[in-house]
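As a basis for the values below, the full set of heavy atoms in this structure was taken, side chains included, without hydrogen atoms, waters or symmetry mates. Remember, it's a predicted structure, so these values are computed and weren't measured experimentally. So you know, we letter chains A, B, ... as the sequences are listed, proteins then strands, and number each from 1.
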2 protein chains.
Amino acid sequence: MAKVYEQIADELREAIRTGELGPGDKLPTESELVRKHRKTLPTVRQALSLLQSEGLIEKHHGRGSFVRKPRKLVRRSNDRHQWEKNRAVQSEAERAGTGSTEHDTGLEMDDLVFRARYREVKAPGDLAAVFDLPEGTDLVERTYRTRYKAEDAPFNLVTSYLVRDYVAANPDLLDAANEPWPGGTMHQLRTVGIELDRMEEHITARPPTAEEAEELQLLPGTAVLIERKVSRDTDGRAVEVSEIVMPGDRTELVFTTPLERW
Amino acid sequence: MAKVYEQIADELREAIRTGELGPGDKLPTESELVRKHRKTLPTVRQALSLLQSEGLIEKHHGRGSFVRKPRKLVRRSNDRHQWEKNRAVQSEAERAGTGSTEHDTGLEMDDLVFRARYREVKAPGDLAAVFDLPEGTDLVERTYRTRYKAEDAPFNLVTSYLVRDYVAANPDLLDAANEPWPGGTMHQLRTVGIELDRMEEHITARPPTAEEAEELQLLPGTAVLIERKVSRDTDGRAVEVSEIVMPGDRTELVFTTPLERW
DNA sequence: GAGTGGTCTAGACCACACG
DNA sequence: GTGTGGTCTAGACCACTCC
């Protein structure tokens, strides 16, 4: 072990692991570490950057560096799909009460701020393949941002695509002014005679892009979960494709798979 | 925009986004960027480090920096659970042919190298809570590493816990020498009269720890997917808890949720 | 105003890749 | 051997936080 910055990082990692430095505790300042290890400032900063990229610490300009606290998780369970489907056949009064975001998070609608934007686009190759339609087919692109009223960053970024021809029979579905739609996408599809049979969710993870980090206000050393969801109707046809970007440290996806009995 | 390293990073990001620099292409060398922007080496290096942490580029000592290529994904679908359950009631000859890893990846058993280690541990608080048993209950901890024969890094890290009392009736289940067990965990449990009713999978994402990065040979700028799986028997009792760490850029988890008809 | 981290300069020397 | 990135020194000045 020759690398000085690794040694400094190791020592701090060990202090965090043993609990000598607990969540929220302040680390020694950079100049203290310089004195202690008799190295220079850039070397010490390299060590701290490493810990930051591992998600172990947060640096705060003018205040110091701190051991990161575990985040409170927002849970999204796949049982919400059946819940949403059941809700789509309720009366308007019943549907108006809640949305699936509230079902996911347990929050009241009043705590949330919601923004939707619609746009018409031509299907690029990858989306066309999922829909099993020709490239360039007309799609409705819908982007959603939902955030807590008390915070100014949304807690996820959603982009959803519908095939224009499948939904154009109801012009209301082409206008973002009707959002938030009581009863959600399942009810929207029901107004044009589409019933969903299953949801396929594809999950990967990666570091956030610069834009995502800014929009979700992610600290360095955070990963994002990417969910690509394909909704299929009773003919097995893909009718909605959506991509959801979620902060990996604040989100827990829960999937329950039932098994047949022996 | 005052920050010089952001400007340099932006320019390179843009070149990558537009395709001017395609996957696998070599970036300008650090000294070329120094000359071009009339800045110093550490500043240029800061810009490149940023792109690296975003997973956009790879740096190779002595060779240069390169635009990262997208990885080939290994797909793990939740339909493997039912597949595994069906397999557990087959004859030994049938079970011997394949394991669930092969089912997941489509690879032959001959392409894979498998290592298992068993250990007996006392349940810490968080595990005890999931099993709904007292803290300190005896558990069997099983760790697995599976890798391609051609590569030297495993493609995931698995730690599984069984309640010792539930499985002790069959001593073979306490001995790692019997791994890989033909028919997997579902068949192991069957030998002690346990039938699984459902699987709960909890997914989060974060940057890898230093150990995980080394063991999975992850490049900087990669995230890991964490899956915590709880297997419940027909009484709803948690009988296995496992944690699986997977490279986020090489793994795609697929969950299909069927919906009831209206 | 004092303390602390953020950005940047201007180098030196080392380690790895490749011809 | 030459080119390349990796580590490290020794500072300067700026920006943010808190008293």
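Distances shown here put every side-chain N or O of A:Y5 at or beyond 4.0 Å from the OP1 or OP2 atom of D:dC8. In this structure, A:K3 does not reach the D:dG6 phosphate: none of its side-chain N or O atoms is under 4.0 Å from OP1 or OP2.
One can place CZ of A:R45 at 16 Å from C1' of D:dT7, the figure rounded to the nearest angstrom. One can place CG of B:L33 at 15 Å from P of C:dC8, the figure rounded to the nearest angstrom. Atom CD1 in B:I57 sits roughly 15 Å away from atom P in D:dT4 (whole-Å rounding). Going from atom CD of A:Q7 over to atom P of D:dG6 covers 19 Å, rounded to whole Å. We find that CD of A:E58 is positioned 14 Å from P of D:dT17, with the value rounded to whole Å. In this entry the distance linking CD of B:E30 with C1' of D:dG3 reads 12 Å, nearest Å. In this structure, CD of A:Q46 is placed 8 Å from C1' of D:dG6, rounded to the nearest angstrom.
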Can you give one letter per nucleotide of nucleotides 9-19 of chain C, 5' to 3': B if a protein heavy atom sits under 4.0 Å from the base, S if only from the sugar-phosphate, - if neither? BB----BBSS-
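Using a 4.0 Å cut-off between charged nitrogen and carboxylate oxygen, A:R75 and B:E200 do not count as a salt-bridge pair. A salt bridge between B:R117 and B:E141 is absent, with no side-chain N of the basic residue lying under 4.0 Å from a carboxylate O of the acidic one.
Across all non-hydrogen atoms, the minimal contact from B:K59 to B:Q52 is CD-OE1, 3.5 Å.
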